[in-house]
Amino acid sequence: MSHPYASLPDRAYWRTGVAQYNPLELQDLYRKRFDISPTDRVACAGSCFAQHIGRQLRRRGFNYLDMEPAPAALAEDRHLSFGYGMYSARFGNIYTARQMLQLYKQAFGLFAPATGVWKQADRRFFDPLRPSIEPNGFGSAREAQVLRDTQHLPAVKRMFQKANVLVFTLGLTEAWMDAADGTVYPVCPGTVAGEFDARKHVFKNFRFGEILADMTELIEALKGVNPTLRILLTVSPVPLTATAAGHHVLAATTYSKSVLRAVAGELYETYDHIDYFPSYEIVTAPSNRGMFFRPNMREVAPAGVDYVMTHFFGQHPAPETAGAPPAPAPARKEAADVACDEEKLELVRA
């Protein structure tokens, strides 16, 4: 008897696509929708797992954008601590779609957060939208605001305008917002910097429709300022450090990642210029039995990052001008060096 399933390839069946393979030898997991050429300007943003992707793109010779490079006087081993080299601009981790949308609007003068600067008791000042970029804070509120307005946001604007490919990693559905105007913070006030005030700060767990609407608004807006831009979406495989949604953290993680994956799938089906790379699926597949995570079952081990990227570069080979692939030892060392604001939540249990 003939039916549609009779002619499907091996990759369409669990037994022949997953179960019969060694987890380290899975094949044909990702088929690119578009090429990334040696001349394409590639930008990267998103949650902390996105740092791995951007770093390897840069190291393998892709034309990676860095619109806010570190000053020459800052030692290289301190770049990450001050938010340099994490992404294509010095915005730190962007965990939610709303945060990314608001960053775009700020860069183009369409949104101004109600909260300007956080003042600490020791008279140090922090940018609430990127509180980790200055570990000891700024010396004055004016310094923090001027750097944001005259250096950072113009750099972000140039990034959106110049990039040919934007890699954006969706990380979380949970966020903390300013009650006055809905400004989304990367972390809960009072964890990395600032002071929590229940009258001013509200918790939000974004739903599918809200995230889809935010991403759609962002995509349509980017079409207007950069019609040739293509977007490659991923979902971070890193579980939540903690949840404020009232559920067990395992259930909250499942909700968050499921919703984000569904949004990414919907956008892929809607727009021809959007691709999806399954980093989440590669790391969390049942056949892997958690082997790509560190002992805390949250951080992705360097070997896991390397394996994820072999699938990516299998479809997007490094430019010929890059020469031989980088040695694995430095890659493994770099894979451990990721700045993740969310991890500060662990300190409350220390």
Side-chain angles (χ1 to χ4, degrees), residues 41-51 53-54 65-68 83-118 126-134 144-163 165-178 180-187 189 192-194 204 206 210-226 229 231-234 236 260 263 267 339-342:
R41 296 180 293 271
V42 184
C44 191
S47 68
C48 48
F49 189 79
Q51 294 173 50
I53 299 174
L65 287 179
D66 186 356
M67 309 308 292
E68 285 187 277
Y84 291 107
M86 289 174 63
Y87 300 107
S88 292
R90 200 183 175 205
F91 38 65
N93 293 307
I94 299 176
Y95 290 104
T96 62
R98 182 70 57 83
Q99 188 186 351
M100 184 66 163
L101 176 61
Q102 290 182 353
L103 177 63
Y104 164 83
K105 289 183 175 181
Q106 291 172 68
F108 285 85
L110 304 174
F111 175 66
T115 301
V117 177
W118 282 339
F126 291 81
D127 185 336
L129 302 184
R130 45 182 194 155
S132 296
I133 64 160
E134 288 286 338
Q145 194 67 54
V146 167
L147 285 174
R148 159 168 282 277
D149 293 341
T150 64
Q151 293 187 18
H152 175 58
L153 291 179
V156 173
K157 183 177 182 178
R158 293 194 302 272
M159 179 194 79
F160 282 129
Q161 292 173 326
K162 291 180 177 294
V165 177
L166 172 64
V167 182
F168 180 50
T169 298
L170 296 158
L172 297 174
T173 58
E174 296 188 16
W176 287 90
M177 304 169 60
D178 190 295
D181 66 348
T183 297
V184 173
Y185 303 117
V187 290
V192 174
K204 175 70 175 179
F206 290 101
E210 294 171 311
I211 300 170
L212 180 62
D214 286 343
M215 288 300 299
T216 300
E217 183 177 353
L218 175 66
I219 291 165
E220 293 294 338
L222 289 174
K223 278 185 182 180
V225 299
N226 189 351
L229 178 66
I231 300 173
L232 193 153
L233 297 175
T234 69
S236 171
L260 295 175
V263 168
L267 294 171
C340 191
D341 301 304
E342 196 194 3

Distance (rounded to the nearest 0.5 Å) between L229 CG and M159 CE: 9.0 Å
Worked check of side-chain contact (heavy atoms from CB on, under 4.5 Å) between E68 and I133: CA-CA 12 Å; E68 285 187 277; I133 64 160; over 6 Å; no
N226 versus A163, closest heavy-atom pair with distance: ND2-O, 2.7 Å
Close side-chain approach of I53 to L232, heavy-atom, < 4.5 Å: no
F160 and F108 aromatic ring geometry - parallel, tilted or perpendicular at 30°/60° bounds: tilted
Pairwise distance CZ(F168) to CE(M215) - rounded to 0.5 angstrom: 5.5 Å
Check: P186 and P131 side chains under 4.5 Å, non-hydrogen atoms: yes
Stepwise side-chain contact (heavy atoms from CB on, under 4.5 Å) test for V184 and F206: CA-CA 11 Å; V184 173; F206 290 101; 4.2 Å; yes
Heavy-atom closest pair, residues Y87 and A50: CE2-CB, 3.7 Å
Under the salt bridge (charged side-chain N to carboxylate O under 4.0 Å, His left out) test, residues paired with K157 that sit two or more places apart: none
Point-to-point distance, once rounded to the nearest 0.5 Å, from CZ of F91 to CG of L129: 13.0 Å
Atom of Y95, atom of S47 and distance for their closest heavy-atom approach: CD2-CB, 3.7 Å
Nearest atoms (heavy-atom pairs only) where V117 meets F126: CG1-O, 3.3 Å
Value rounded to 0.5 Å, distance of CG in L267 from CG in L218: 10.0 Å
Sub-4.5 Å side-chain heavy-atom contact between V156 and Q106: no
Those residues that, when tested against T115, pass side-chain hydrogen bond (donor to acceptor under 3.5 Å, both in side chains) (two or more places apart): D178, Y185
Residues in side-chain hydrogen bond (donor to acceptor under 3.5 Å, both in side chains) contact with Q102, at least two apart in sequence or another chain: none
Any residue meeting salt bridge (charged side-chain N to carboxylate O under 4.0 Å, His left out) with K223, in chain and number order, not counting sequence neighbours: E220
Any residue meeting side-chain hydrogen bond (donor to acceptor under 3.5 Å, both in side chains) with R98, in chain and number order, not counting sequence neighbours: D214
A193 to W118 - nearest heavy-atom pair and separation: O-CZ3, 3.4 Å
4.5 Å side-chain heavy-atom contact, T183 and F111: yes
Gap separating the CG atom of L170 from the OG1 atom of T234, nearest 0.5 angstrom: 7.0 Å
Sequence-distant partners of Y84, side-chain hydrogen bond (donor to acceptor under 3.5 Å, both in side chains), two or more places apart: R90
Minimal non-hydrogen separation, C44 against S88, with atom names: N-OG, 3.0 Å
Reported CG-to-CD1 distance for the pair L101 and I94, which is rounded to 0.5 angstrom: 11.0 Å
R130 and V192, any side-chain heavy atoms less than 4.5 Å apart: no
Derivation and outcome, side-chain contact (heavy atoms from CB on, under 4.5 Å), residues Q51 and N93: CA-CA 9 Å; Q51 294 173 50; N93 293 307; 3.1 Å; yes
